[in-house]
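Chain A is the first sequence line, chain B the second, and so forth, proteins listed ahead of strands; every chain is numbered from 1.
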Number of protein chains: 2
Amino acid sequence: MMELTRKGEYAIRGIVHLAGKPLDSVCLLSEIAAAVDVPPTFLAKIFQQFSKIGLVKSFRGTGGGFMLGRAPENITLLEVVEAVEGPIIPNRCVINPSDCDRSSYCNVHPVWKQVQDGVRGVLEQVTLKELAAGSSKS
Amino acid sequence: MMELTRKGEYAIRGIVHLAGKPLDSVCLLSEIAAAVDVPPTFLAKIFQQFSKIGLVKSFRGTGGGFMLGRAPENITLLEVVEAVEGPIIPNRCVINPSDCDRSSYCNVHPVWKQVQDGVRGVLEQVTLKELAAGSSKS
DNA sequence: CCCTAAAAAGACATATAAAGTCTTCTTAGG
DNA sequence: CCTAAGAAGACTTTATATGTCTTTTTAGGG
Ligand code: SF4
Ligand code: SF4
């Protein structure tokens, strides 16, 4: 359980690859897709999501492509994951306690909050800069 | 992401209910299902899984039913969850690094191990005894 | 102005997994 | 041998994951 989807995995690979590039260099989607071994059409969808929330900047037309929206040290893995997978929710009652009648007295409920905080805490400590370290090719 | 399935949620509810009963009392599946608001046929499947690994003991025929396999303070939430949901795997490379060519140099890989350990750590600290506290009726 | 290169958008298709049901079989007590 | 349970497995339905395809928009260059 608790498994990251392919989409999430691809998203991370893609943006980490971008983070390994020099800042302000525009990168073709096709180039990224090939480098990280992801179906280009699928990665396109993912980068569109990134673009909407500003995690990456996109440029259309000739000479277009993608670049990182912010400095890699200011983008956390948590942001990336939540951008494409949605919030970290170990159980639905965590985000919406009224979903479950039992939430008011349930002893399990707080455990899921603890799990959520734990996972978020780990992912929040990791930045794209660290993740890209060592994989910078030109 | 990271969401527990209904099956997992039901499993917890069911076994916690059982843990709230006096030890050595046999409990009907139908009674449990009604008490925790789960489709009886579905809960049956879940308890069969529990039974196979000894988390609960089952008795067939007239006067049959289920009872907890061990004392509730010796059963952790982690065991219950993993019994029905399988191991906690934030990403497939965690359980089988050879799945991914990149695992040898990937900087993301260790983060998922950290997440895994974190989640397991939380769930391992919680026992059925604590979860059942306060919900003992008869 | 037109042609081409690129991303954006949305409809579509397929595969897998989750969620639940149904039927038949086995076991045990009375 | 009849009835009350759980065991087992096939089956169905629904939702999600994993893509693909087509069309549109945007931008640069001749
Ligand atoms: S029973 Fe408890 S853990 Fe389960 S959904 Fe309700 S509040 Fe959450
Ligand atoms: S790229 Fe890294 S995180 Fe992703 S599957 Fe491979 S080893 Fe795991």
Side-chain angles (χ1 to χ4, degrees), chain A residues 1-15 18 25-34 36-69 81 83-87 89 91-92 99, chain B residues 1-15 18 25-34 36-69 81 83-87 89-92:
Chain A
M1 76 167 295
M2 301 270 183
E3 207 158 335
L4 190 72
T5 65
R6 299 280 173 93
K7 188 177 174 188
E9 166 66 23
Y10 293 165
I12 297 170
R13 283 197 210 171
I15 202 167
L18 198 53
S25 73
V26 173
C27 202
L28 282 183
L29 181 76
S30 54
E31 195 265 3
I32 304 173
V36 300
D37 195 32
V38 171
T41 57
F42 200 3
L43 194 65
K45 291 297 180 194
I46 294 167
F47 268 63
Q48 281 169 28
Q49 286 187 258
F50 283 158
S51 180
K52 276 188 204 158
I53 60 174
L55 268 186
V56 304
K57 287 179 205 154
S58 71
F59 303 93
R60 310 218 267 193
T62 314
F66 293 90
M67 69 168 62
L68 221 51
V81 169
V84 295
E85 300 266 24
I89 305 174
N91 201 350
R92 64 193 63 205
D99 253 25
Chain B
M1 77 169 292
M2 301 272 183
E3 207 158 334
L4 190 72
T5 64
R6 300 278 175 94
K7 188 178 174 187
E9 166 65 22
Y10 294 163
I12 297 170
R13 283 196 211 172
I15 203 168
L18 197 53
S25 73
V26 173
C27 202
L28 284 182
L29 182 75
S30 53
E31 195 265 5
I32 306 173
V36 301
D37 195 33
V38 171
T41 56
F42 199 4
L43 194 64
K45 290 297 180 193
I46 293 167
F47 269 63
Q48 280 169 28
Q49 285 188 259
F50 283 158
S51 179
K52 276 188 205 158
I53 60 174
L55 269 187
V56 304
K57 288 179 204 153
S58 72
F59 304 93
R60 310 217 265 195
T62 314
F66 294 91
M67 69 168 62
L68 221 52
V81 168
V84 295
E85 300 267 23
I89 306 174
N91 201 350
R92 64 194 63 205

Taking CD1 from B:Ile32 and P from D:dG6, how many angstroms apart are they, rounded to a whole number? 8 Å
Atom CD of B:Glu3 to atom P of D:dT16: distance rounded to whole Å? 9 Å
With the criterion being N/O to N/O and under 3.5 Å, what pairs connect the protein with nucleotides 18-20 of chain D, and how long is each?
residue: D:dT18; atom: OP2; partner: A:Arg6; partner atom: N; Å: 3.0
residue: D:dG19; atom: OP2; partner: A:Tyr10; partner atom: OH; Å: 3.0
residue: D:dT20; atom: OP2; partner: A:Thr41; partner atom: OG1; Å: 2.9

Verify the neighbour count for atom CG of A:Asp37: are there more than 12 heavy atoms of other residues, nucleotides or ligands below 6.0 Å? no
How long is the line joining CZ of B:Phe59 and P of D:dT3, in whole Å? 25 Å
Say you draw a straight line from CZ of A:Phe50 to CG of A:Leu18; how long is it, rounded to the nearest 0.5 Å? 9.5 Å
Is B:Lys57 touching bases, backbone alone, or none of the nucleic acid, heavy atoms closer than 4.0 Å? nothing
Answer with base, sugar-phosphate or nothing: what part of the nucleic acid does B:Ser51 contact at a heavy-atom distance below 4.0 Å? sugar-phosphate
Rounding to an integer number of Å, can you tell me how far B:Phe66 CZ sits from D:dA4 P? 18 Å
Picking from C:dA8, C:dT4, C:dA28, which would you name as closest to the side chain of A:Thr62? C:dT4
Report which part of the nucleic acid B:Phe47 touches: base, sugar-phosphate, or nothing (heavy-atom distance under 4.0 Å, all strands). nothing
Ignoring backbone atoms, establish whether A:Ser58 has a side-chain N or O less than 4.0 Å from OP1 or OP2 of C:dA8. yes
When rounded to the nearest 0.5 angstrom, what is the spacing between CD1 in A:Ile46 and CZ in A:Arg6? 11.5 Å
How many angstroms lie between CD1 in B:Ile15 and CZ in B:Phe47, if you round to the nearest 0.5 Å? 6.0 Å
Please determine, for the side chain of A:Gln48, which listed nucleotide (D:dG6, C:dA8, D:dA8) has the closest atom? C:dA8
What I'd like to find out is whether the side chain of A:Tyr10 reaches to under 4.5 Å of the side chain of A:Val36, using heavy atoms alone. no
Side-chain touch A:Glu85/A:Thr5, heavy atoms, less than 4.5 angstrom: yes
From NZ of B:Lys52 over to C1' of D:dG6, roughly how many Å is that when rounded to an integer? 13 Å
Over how many whole Å does the gap from A:Leu43 atom CG to C:dA7 atom C1' extend? 12 Å
Within the structure provided, determine whether A:Leu4 and B:Pro90 are in side-chain contact (heavy-atom separation under 4.5 Å). no
Rounded off to whole Å, could you give me the CG-to-P distance for the A:Leu29 and C:dA5 pair? 16 Å
Taking CE from A:Met1 and P from D:dA17, how many angstroms apart are they, rounded to a whole number? 14 Å
